[in-house]
Amino acid sequence: MSKFAYASSVRACAALYAGVAAATYLAASPQWMFSADDQSSFYKDGGMGVRPGARAGAVSALDFSTFPPKSYHIDGVPCSVIGPPAAVAAKGGNVVVVGSMKVDPQNPAKLMAGADVSLLSIDPQTGFTWKDTVSAGKEPTGVTLSPDGKTAYVALRGEGAVARYDIEGGKLILLGKQTVAKPEDLLCLVTLSPDGKTALASLHAAPAIMVFEVAADGSLKEKQTLPTPNNPYDIHFIHGGKRALISCTLVDTVVTLERASDGQWAVKGTAKTGRIAEGLEVSPDEKWISVSCFDGANAGPRDKKWHGQPGRVYLFAVGDDGLLAQTQALDVEGVQQAATFSPDGKYLAVGQFGAGNLAIFALKDGQWRDTGVRIELPGQCASLFAEL
């Protein structure tokens with residue numbers, strides 16, 4: 001469905017595309033990071049609009065087994081910066097991408113609700129390929145894969161539902177769809193614990209986190225609804241599933257949740273971030289988290305406090321108790337949506353929406369420092385995922 005393309009780019013080198021056999025380039029032991037690249041939206045003076053010549057989207061795969069990392073791109077895959085806290089997920093060579101919004105074919109100057117979920121595959125022999133796209137329902141905003149990589153859970157914000165797909169033979173096969181909330185609650189994401197037995201879902205407008213037991217067939221059984229600070233969004237389990245971290249966008253907060261011995265979850269603590277806490281990621285060793293914040297990057301002239309300031313990535317140290325302490329704030333170019341650690345934990349890739357690239361930082365003497373490396377993308381980074 002799409003031509004395989006290869007690119008490796010640094011600050012002084014533009015992206016290079018070549019339709020060649022993937023096996024020529026894929027490393028024997030790759031370390032994968034994936035980017036969902038929006039091609040339809042732009043930010044300006046605190047607002048968003050539809051980009052001239054808007055297209056469906058793209059997906060990039062970056063191999064951090066070498067540095068600078070090699071990158072591979074597939075164009076035409078539906079994805080969107082609007083809506084999804086986690087637009088891409090990967091496991092065991094399977095890559096799943098959701099498209100929450102799309103350009104309205106009747107009015108190209110406007111966006112409308114999307115429905116598409118796409119399956120891609122990355123393999124040392126066959127390369128980076130696009131396998132399947134299905135219509136999941138109204139506004140798929142987040143995707144999570146089961147620990148074995150064989151089942152995809154898709155949050156449908158416009159329906160308050162979770163769709164489950166079996167990944168088999170290069171196809172997405174619908175296993176079932178469950179309504180778990182009202183559409184107006186704005187279901188954003190469902191995330192599974194490392195053992196696959198517990199799922200947490202964020203209700204952005206409720207505001208609350210839903211707790212589910214994952215049945216043997218993969219279906220969800222509600223166990224608890226936990227009120228949280230406003231606007232819960234992105235979710236990551238830590239400490240073997242005993243705790244979880246939640247970004248709360250409009251109240252500029254990250255929440256630590258903890259599970260008690262009776263299985264009930266509670267808010268353990270909170271940490272303040274910059275303005276509008278979007279994507280949240282955890283380093284492989286769980287010593288760091290990154291929180292992508294708009295700060296002034298999308299602030300209009302009327303916002304006297306933030307206008308003219310850059311977007312930032314805030315770094316926090318994670319304590320043994322799951323509580324957070326801010327250690328650093330990185331000024332970046334463009335609007336911040338995602339910043340993700342490489343699978344080996346040595347690098348931090350920062351999506352620079354507007355610049356159309358990833359800025360790569362490295363850990364040195366306890367601080368994250370800009371390497372100067374820039375990875376050009378065929379779009380604007382909406383979401384990042386590193387496969388551990």
Side-chain angles (χ1 to χ4, degrees), residues 31 33 64 67 85-86 189 191 193-194 200 202 209 228-229 231-260 265-295 297 309-332 336-352 358-371 373 381 383-388:
Q31 296 187 41
M33 181 185 294
F64 276 85
F67 193 82
L189 178 65
T191 299
S193 60
L200 300 180
S202 54
I209 294 292
T228 66
N231 316 119
Y233 199 53
D234 206 352
I235 308 170
H236 284 268
F237 282 94
I238 59 172
H239 299 167
K242 180 181 179 181
R243 300 184 177 96
L245 301 173
I246 318 291
S247 65
C248 296
T249 55
L250 301 183
V251 293
D252 312 335
T253 299
V254 174
V255 177
T256 299
L257 304 183
E258 186 170 77
R259 184 180 59 192
W265 289 75
V267 173
K268 181 179 177 65
T270 62
K272 295 301 291 184
T273 69
R275 173 180 170 269
I276 309 183
E278 286 270 326
L280 181 157
E281 297 293 342
V282 182
S283 65
D285 60 8
E286 297 188 343
K287 292 182 178 180
W288 303 88
I289 71 163
S290 66
V291 184
S292 295
C293 295
F294 286 0
D295 276 8
Q309 293 191 38
R312 295 185 180 93
V313 176
Y314 290 79
L315 281 303
F316 291 81
V318 183
D320 292 339
D321 56 3
L323 298 181
L324 308 176
Q326 185 184 329
T327 61
Q328 199 174 354
L330 307 175
D331 290 359
V332 298
Q336 259 308 288
Q337 296 287 154
T340 299
F341 301 91
S342 62
D344 60 9
K346 294 180 180 179
Y347 301 101
L348 177 70
V350 175
Q352 299 194 126
L358 300 178
I360 310 300
F361 291 75
L363 184 62
K364 184 176 182 181
D365 300 327
Q367 293 284 296
W368 293 91
R369 304 182 188 279
D370 193 345
T371 65
V373 171
C381 177
S383 183
L384 288 167
F385 185 91
E387 183 176 358
L388 303 180

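None of these values were measured; they are calculated from a predicted model. If you read the sequence from its start, that first residue is 1, and numbering goes on from there.
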Open item on the list: If I take atom OH from residue Y314 and atom OG from residue S290, how far apart are they, to the nearest 0.5 angstrom?
Closed with: 13.0 Å

Open item on the list: Take a 6.0 Å sphere around CG of D285 and say whether it holds more than 12 heavy atoms from other residues, nucleotides or ligands.
Closed with: yes

- [ ] Would you name the heavy atoms of G274 and C293 that are closest together and state the gap between them?
- [x] N-SG, 3.5 Å

Task: Note, I289 side chain near L324 side chain (heavy atom, < 4.5 Å) - done: yes

Open item on the list: Could you measure the distance from the CD atom of Q326 to the CG atom of L315? Nearest 0.5 Å is fine.
Closed with: 8.5 Å

Task: Nearest heavy atoms of L280 and S247, plus distance in Å - done: CD1-N, 3.8 Å

TODO: Taking the six-membered ring for Trp and the single ring otherwise, decide whether the centroids of Y347 and F67 are under 6.0 Å apart.
DONE: yes

Task: Pairwise side-chain contact, R369 with F361, heavy-atom cut-off 4.5 Å (strictly under) - done: no

- [ ] Quick one: list whatever passes side chain to side chain donor-acceptor pair (under 3.5 Å) with D365, sequence neighbours left out.
- [x] none

Open item on the list: Please evaluate residues D234 and E278 with respect to the criterion side chain to side chain contact (heavy atoms under 4.5 Å, CB included), reporting the C-alpha separation (whole Å), side-chain torsions for both, the decisive distance (0.1 Å), and the verdict.
Closed with: CA-CA 7 Å; D234 206 352; E278 286 270 326; over 6 Å; no

Open item on the list: For T253, give me all partners under side chain to side chain contact (heavy atoms under 4.5 Å, CB included), at least two apart in sequence or on another chain.
Closed with: C248, V251, V255, T270, K272

Task: Candidate pair V318 and I238, rule side chain to side chain contact (heavy atoms under 4.5 Å, CB included), full reasoning - done: CA-CA 10 Å; V318 183; I238 59 172; 4.2 Å; yes

- [ ] Return the minimal non-hydrogen interatomic distance between L358 and A349, and the atom names on each side.
- [x] CD1-CB, 4.5 Å

Open item on the list: Within this structure, what is the OG1-NZ distance for the pair T371 and K346, rounded to the nearest 0.5 Å?
Closed with: 14.0 Å

TODO: For L363, check side chain to side chain contact (heavy atoms under 4.5 Å, CB included) against everything at least two apart and list the hits.
DONE: W288, W368

Open item on the list: Quick one, F237 and L245 - any side-chain contact, counting heavy atoms below 4.5 Å?
Closed with: no

Task: N-O pairing of D295 and R275 below 4.0 Å - done: no

- [ ] Find the distance between OG1 (T273) and CG (D252) and round it off to the nearest 0.5 Å.
- [x] 5.0 Å

Open item on the list: Do H239 and E286 make a side-chain contact, defined as non-hydrogen atoms from C-beta onward lying under 4.5 Å apart?
Closed with: yes

Task: Set of residues satisfying side chain to side chain contact (heavy atoms under 4.5 Å, CB included) with respect to D321, sequence neighbours excluded - done: K268, L323

Open item on the list: Let me confirm one number: the CG-CG distance from N231 to L250, rounded to the nearest 0.5 Å.
Closed with: 4.0 Å

Open item on the list: Please find the pair of heavy atoms, one from S202 and one from I235, that lie closest to each other, and give the distance.
Closed with: N-CD1, 3.6 Å

Task: Partners meeting side chain to side chain donor-acceptor pair (under 3.5 Å) with S342 (sequence neighbours left out) - done: D344

Task: Side chains of F316 and T327 in contact at under 4.5 Å (non-hydrogen atoms) - done: no

Task: Test log, rule side chain to side chain contact (heavy atoms under 4.5 Å, CB included), inputs T340 and M33 - done: CA-CA 8 Å; T340 299; M33 181 185 294; 4.2 Å; yes

TODO: Determine, stepwise, if the pair L348 / I360 fulfils side chain to side chain contact (heavy atoms under 4.5 Å, CB included).
DONE: CA-CA 6 Å; L348 177 70; I360 310 300; over 6 Å; no

Open item on the list: If I compare all heavy atoms of R312 with all of Q336, which pair ends up nearest, and what's the gap?
Closed with: O-CG, 3.6 Å

Open item on the list: Testing the basics here: between A86 and L189, what is the closest heavy-atom pair and its distance to 0.1 Å?
Closed with: CB-CD1, 3.9 Å

TODO: First locate atom CG of D320, then atom CZ of R243, and finally report the distance between them rounded to the nearest 0.5 Å.
DONE: 8.5 Å

Open item on the list: Quick one, I246 and T228 - any side-chain contact, counting heavy atoms below 4.5 Å?
Closed with: no

Task: Which residues share a side chain to side chain contact (heavy atoms under 4.5 Å, CB included) with A338, sequence neighbours left out - done: C381, L384

